Amino acid sequence: MLREFKEFIARGNVMDMAVGIIVGSAFTTIVKDLVAYLINPLIGLFIGKIDLSNIVFTVGAAQFKVGAFLNAVINFLIIAFVVFLLVKGVNHFRGKKEEPEEAPSAEAQYLKEIAETLKQQGSPTTIKNDENVKNNN
């Protein structure tokens, strides 16, 4: 069982996933601090509040923490945008992959074969058209 566990841990996918989770966790902390300490005060200047997380609506005994929700939305948007930029950058550095050509449909193959056969036989319509062009000149 210990040997199987070692093989499982040594797999590349597991290690890649672990690194991704650790880096993602650290990245999330950075983005949360960016939002909390830089973006929220900037937004707070425009709406008159310095800290969005303190925006709370109370209805009866219920408290609706709108500010905390706005912080979460801002965090999500920033993380999504940065991940988009990272993926776009990685794709740019990888270069464009040559996409394999799609196989032509059966109908297209038959039409191509018919056209090639007609060319090899010298179809009468082609010959007539060529003769008409010569006669008109």
Side-chain angles (χ1 to χ4, degrees):
M1 182 182 285
L2 186 60
R3 189 182 80 228
E4 290 175 345
F5 180 71
K6 285 181 183 178
E7 290 174 6
F8 174 75
I9 292 298
R11 285 185 182 171
N13 294 343
V14 174
M15 295 304 287
D16 290 344
M17 183 179 67
V19 169
I21 290 170
I22 292 167
V23 170
S25 174
F27 183 71
T28 301
T29 303
I30 291 171
V31 171
K32 283 183 180 179
D33 287 345
L34 172 72
V35 170
Y37 300 125
L38 298 176
I39 295 176
N40 283 349
L42 183 64
I43 294 173
L45 289 174
F46 294 108
I47 63 172
K49 300 268 186 178
I50 293 178
D51 187 11
L52 289 178
S53 62
N54 291 331
I55 299 174
V56 177
F57 291 111
T58 305
V59 177
Q63 285 189 339
F64 297 97
K65 297 183 179 185
V66 177
F69 176 73
L70 289 176
N71 283 343
V73 170
I74 292 169
N75 282 338
F76 170 76
L77 292 174
I78 291 171
I79 290 171
F81 182 70
V82 172
V83 168
F84 166 75
L85 292 177
L86 286 173
V87 169
K88 189 172 180 172
V90 167
N91 287 341
H92 176 73
F93 284 119
R94 283 186 180 172
K96 294 182 179 179
K97 293 182 181 178
E98 292 183 22
E99 295 181 14
E101 292 183 19
E102 293 183 21
S105 67
E107 182 178 284
Q109 287 177 342
Y110 293 137
L111 289 173
K112 185 176 180 181
E113 289 174 13
I114 291 170
E116 288 175 4
T117 304
L118 289 174
K119 283 181 186 177
Q120 289 172 355
Q121 292 177 354
S123 76
T125 56
T126 305
I127 294 170
K128 287 181 184 176
N129 287 339
D130 289 341
E131 289 174 1
N132 289 340
V133 170
K134 288 178 186 174
N135 291 337
N136 288 339
N137 290 335

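The model shown is predicted, which means the values in this text are computed figures rather than measured ones.
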Applying a strict under-4.5 Å side-chain criterion to I, L, V, M, F, W and Y, I'd like to know whether [X] and [Y] cluster together.
X	Y	result
Phe64	Leu70	yes
Phe69	Phe57	no
Phe76	Phe81	no
Ile30	Ile22	no
Phe27	Leu77	no

Residues, nucleotides or ligands: over 12 heavy atoms within 6.0 Å of Glu107 CD: no
State the [atom1]-[atom2] distance between [X] and [Y], to the nearest 0.5 angstrom.
X	Y	atom1	atom2	value
Thr28	Asp33	OG1	CG	11.0 Å
Lys65	Asn54	NZ	CG	10.0 Å
Tyr110	Ile114	OH	CD1	10.0 Å

Thr117 side-chain N/O to Glu113 backbone N/O, donor-acceptor pair under 3.5 Å: yes
